[in-house]
Every structure is written in C-alpha cells, then in structure tokens.
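Here is the structure we will look at, set down as structure tokens.
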Protein chains: 2
Amino acid sequence: MERRNTIQRELVLQAVRTLKRHVTAEEIFEFLHQQHPYIGKGTVYRNLNILASEGEIRKVEISDGPDRFDFTLKEHYHVECICCHDVSDVDLEALPDLIPRIHDHHGMKFMGYDILFKGLCESCQREAELREAVADD
Amino acid sequence: MERRNTIQRELVLQAVRTLKRHVTAEEIFEFLHQQHPYIGKGTVYRNLNILASEGEIRKVEISDGPDRFDFTLKEHYHVECICCHDVSDVDLEALPDLIPRIHDHHGMKFMGYDILFKGLCESCQREAELREAVADD
DNA sequence: TCTCTGTTAGGAACAATTCCTATTAAGGAG
DNA sequence: CTCCTTAATAGGAATTGTTCCTAACAGAGA
C-alpha cells in the first residue's frame with residue numbers, strides 16, 4: 001500500500017498539463033476550484049510536491065515569489081521578469097560544472113545548485129519606454 | 001525631504017552588524033524586540049529592504065525559506081544546507097559570465113542571475129550517519 | 001464482504017511579507 | 001526659535017503562500 005490513486009491527484013496532474021507552463025499552485029487551485037469547489041488548497045500543494053518528487057512534473061523554486069510548476073521534464077533554466085514576475089525558459093549553452101570550482105568546503109558536502117536569471121520581458125520593456133516618454137514632456 | 005534618519009533604521013542596521021551573518025528578518029525582529037518592544041515587524045522588513053537597496057547591507061534570497069541579510073558587501077555565493085536550512089558562504093573561482101551564453105532571447109533583456117548552492121553541512125552529515133548506524137542493527 | 005493499515009483530503013493554522021493610515025522628522029516661513 | 005507643511009516612516013492589520021492535523025477513505029488481505 002504505497003501510493004493511492006485518487007481523483008484529486010489525477011486532476012492536479014491534468015491541470016498542470018492543460019495550463020500553460022510555469023503556473024503557481026494558486027493558479028492550479030483556482031482552475032480546479034471552478035469545476036470542483038470542494039478541492040482544498042492543501043491537496044493541490046501536496047499533490048504538486050508529490051508529483052514533482054516522483055518526477056512527473058518539475059518544480060521551479062523562485063526566490064522572490066511563489067513556486068512554479070511545469071510539465072516539461074527536460075533540464076533547462078529559467079528567467080524571471082523583475083517587473084511582472086513572469087517566468088520563461090532560457091536556452092543556454094551547456095554550463096561548466098560549478099561544483100569542482102568550489103574551494104574551502106568547511107566540511108560542507110555540495111550536492112547541486114539552482115540558477116535563476118533575472119531580466120525584463122518585452123512587454124515590460126515597452127511599458128518602461130512609454131513611461132519615460134511621458135516623463136520627458 | 002528624501003531620506004529620514006530614524007532611530008528604528010539605525011537600530012536595524014546595528015542589529016545586522018551585531019548578529020552573525022545570514023540572519024532572517026524574523027531574527028532581527030526578535031533581537032530588537034527584546035530591547036524595544038514597540039518596534040514593528042513591518043519596520044524591520046522595510047528598513048532591511050531599504051538598507052539593501054542603498055547598498056548598506058546585502059540581501060540573500062532563498063527560494064525555499066525566508067530571505068537572509070548580511071553585512072558583508074563583498075560579492076560571494078551562498079550554500080544552503082538542504083537539511084537544517086542554514087546558509088553559509090562559498091569560496092568559488094571566478095565564474096565565466098553566463099549572460100553571453102544565452103541563445104534565443106525571445107525579446108527578454110537579461111540583467112543578471114542568482115546562484116544558490118545546495119548541500120549538507122557537517123553536523124547534518126554526522127546526524128545522517130548516526131541514523132544510518134541505528135537503522136543497521 | 002469486512003477489517004485493518006497507512007495514505008490522503010480539506011481546512012485550520014502558521015509563517016513570511018506587504019499594505020494602510022496615523023505619526024513624525026525635516027525643511028522652510030515667519 | 002516656533003509653527004506649519006509635506007512626505008517618509010512606524011506599527012500593526014491584512015494578505016499571501018505553505019504546512020500541519022485529523023477524519024475519511026483506498027487498497028490489501030482474511
């Protein structure tokens with residue numbers, strides 16, 4: 001009796017696959033709540049994390065906002081817009097492994113690292129230009 | 001009338017400098033609250049962020065926990081213990097700049113990136129070994 | 001089918017942070 | 001120096017994001 005198949009878990013998985021990428025737990029909850037008013041937030045959070053730990057979906061931790069979930073399993077990096085906080089994928093040449101570059105371990109056993117890029121998306125750039133133009137007159 | 005000097009701001013700055021590195025806003029609050037029971041949490045959060053944006057202290061954003069604040073301004077990276085969530089400094093050879101390695105911008109203007117290393121600290125390693133030894137008998 | 005076991009659901013509780021409004025520091029006028 | 005005006009600030013209320021707790025229930029075996 002290891003893992004039970006519940007309607008809720010299946011619903012959460014389908015929602016991640018249906019919605020666009022990089023959704024928050026809150027967005028999944030809102031989406032499911034429309035069709036299934038009795039589903040709880042705790043259920044959504046728990047199942048998202050279980051699915052992520054089983055490797056069925058990918059969890060993207062954002063330092064200054066809620067975690068995002070993504071149905072793609074392929075390894076890739078993310079950029080967060082510093083203005084609207086939208087997250088998108090980054091295409092990057094293979095990185096050199098950073099772990100061997102670490103000196104002075106202080107006994108710490110290094111396991112990996114997260115990289116999150118920061119930037120300004122196209123529409124926020126346009127808005128910023130618009131605001132500058134208004135400020136100029 | 002741009003920036004006001006308040007007792008609270010000075011207290012927050014002194015607290016960051018007095019306490020050991022990588023303290024959370026909560027820890028600063030607790031520390032100050034002992035001497036100054038009427039200081040509010042909002043005040044601590046706001047002043048930490050103001051001081052960080054002015055460059056007087058450094059803010060370290062942690063994806064799976066509260067932000068940390070550090071009095072050192074020197075550029076360096078951090079490791080978080082995946083077990084006890086303690087944060088410490090990493091000594092690393094200079095990294096190649098990652099921004100030129102990005103392909104396919106999709107109109108995004110890249111500004112920088114955060115790297116957070118993950119690992120297991122010495123005392124958590126010892127505890128893990130101890131638990132294994134107990135499980136073996 | 002019935003019982004037993006341990007996973008799960010849902011909402012309550014908690015933690016981290018932001019927001020709102022009365023207060024107050026700073027600057028200028030008298 | 002004192003009063004007045006203005007906008008930054010303080011403190012706590014409110015909000016947001018996530019975890020925890022207990023009753024409910026899925027699945028396995030008798």
Side-chain angles (χ1 to χ4, degrees), chain A residues 1-16 22-54 56-57 59-69 80 82-87 116, chain B residues 1-16 22-54 56-57 59-69 80 82-87 116:
Chain A
M1 200 198 292
E2 278 286 277
R3 178 194 199 273
R4 276 165 34 185
N5 290 318
T6 60
I7 296 164
Q8 288 88 342
R9 175 126 68 221
E10 188 55 26
L11 284 170
V12 169
L13 180 56
Q14 289 312 317
V16 175
H22 312 124
V23 285
T24 61
E26 181 70 27
E27 288 167 327
I28 299 279
F29 172 73
E30 301 260 303
F31 177 77
L32 291 176
H33 189 75
Q34 288 171 24
Q35 302 286 327
H36 308 271
Y38 288 106
I39 202 165
K41 269 199 184 176
T43 304
V44 172
Y45 273 90
R46 189 169 11 75
N47 280 309
L48 285 170
N49 283 312
I50 289 170
L51 289 166
S53 72
E54 288 174 343
E56 299 221 51
I57 62 175
K59 181 177 184 174
V60 183
E61 294 186 334
I62 306 294
S63 49
D64 56 352
D67 294 345
R68 312 305 175 100
F69 295 88
E80 182 195 6
I82 56 172
C83 180
C84 67
H85 298 284
D86 239 41
V87 172
L116 180 63
Chain B
M1 200 198 290
E2 280 285 276
R3 177 194 201 275
R4 273 164 37 186
N5 291 319
T6 59
I7 295 164
Q8 289 87 341
R9 175 127 68 221
E10 188 56 26
L11 285 171
V12 169
L13 180 57
Q14 288 313 317
V16 175
H22 312 122
V23 283
T24 61
E26 179 70 26
E27 287 168 327
I28 298 281
F29 171 72
E30 302 260 302
F31 177 76
L32 290 176
H33 189 75
Q34 287 170 23
Q35 301 286 326
H36 308 271
Y38 290 105
I39 203 165
K41 268 198 184 178
T43 303
V44 172
Y45 273 90
R46 190 170 10 75
N47 280 309
L48 284 170
N49 283 312
I50 289 170
L51 289 167
S53 72
E54 287 174 345
E56 298 220 53
I57 61 175
K59 180 178 183 175
V60 183
E61 295 185 334
I62 306 293
S63 50
D64 55 355
D67 294 345
R68 312 304 176 101
F69 295 87
E80 183 195 3
I82 56 172
C83 178
C84 68
H85 300 282
D86 239 41
V87 173
L116 180 64

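The chains referred to below are lettered A, B, ... by the order of the sequence lines, with proteins before strands, and numbering in each begins at 1. Below, all heavy atoms of this structure are taken into account, side chains as well, without hydrogens, waters or symmetry copies. As the structure is a computational prediction, the values presented were derived from the model and not from experiment.
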For atom CZ of F29(B) and atom P of dT17(C), their distance in whole Å: 14 Å
Phosphate OP1/OP2 of dC25(D) contacted by T6(A) side-chain N/O (<4.0 Å): no
Spatial distance of atom CG (L48(B)) from atom CZ (F69(B)) [nearest 0.5 Å]: 4.5 Å
Mind listing the N/O atom pairs, protein and nucleotides 17-19 of chain D, below 3.5 Å?
residue : atom : partner : partner atom : Å
dT18(D) : OP1  : D67(A)  : N            : 3.3
dT18(D) : OP2  : Y45(A)  : OH           : 2.8

Integer-rounded Å distance: dA25(C) C1' and E10(B) CD: 15 Å
Separation of dT17(C) C1' from N47(B) CG (nearest whole Å): 15 Å
Contact check, side chains of F29(A) and V12(A), non-hydrogen atoms, under 4.5 Å: no
Distance, rounded to the nearest Å, where I39(B) contributes CD1 and dT23(C) contributes P: 19 Å
All pairs passing side chain to side chain donor-acceptor pair (under 3.5 Å) where residues 36-47 of chain A contributes a residue, at least two apart: R9(A)-N47(A), E26(A)-K41(A)
Stepwise side chain to side chain contact (heavy atoms under 4.5 Å, CB included) test for K59(B) and N49(B): CA-CA 8 Å; K59(B) 180 178 183 175; N49(B) 283 312; 2.7 Å; yes
Nearest-0.5 Å distance, CD of residue Q34(A) to CD1 of residue I39(A): 12.5 Å
Selection: residues 30-38 of chain A, any non-hydrogen atom under 4.0 Å of DNA chain D: none
Spacing of R4(B) atom CZ relative to dA8(D) atom C1', expressed in whole Å: 4 Å
Value rounded to 0.5 Å, distance of OG in S63(B) from CG in L116(B): 5.5 Å
Shortest non-hydrogen contact between F31(B) and A15(B), atoms and distance: CD2-CB, 3.7 Å
Candidate nucleotides dA7(D), dG6(C), dG27(D), ranked by approach to the side chain of N5(A) - the nearest: dG27(D)
Length of the CD-C1' vector between Q8(A) and dT7(C), whole Å: 12 Å
Test item: Q14(B) side-chain N/O and L11(B) main-chain N/O as donor-acceptor pair under 3.5 Å: no
E27(A) side-chain N/O to T24(A) backbone N/O, donor-acceptor pair under 3.5 Å: yes
Atom pair distance, as rounded to whole Å: CZ in R3(B) and P in dG27(C): 13 Å
Distance in angstrom units between I7(B) CD1 and dT23(C) C1', rounded: 13 Å
From dT9(D), dT8(C), dA10(D), nucleotide with atom closest to I50(B) side chain: dT9(D)
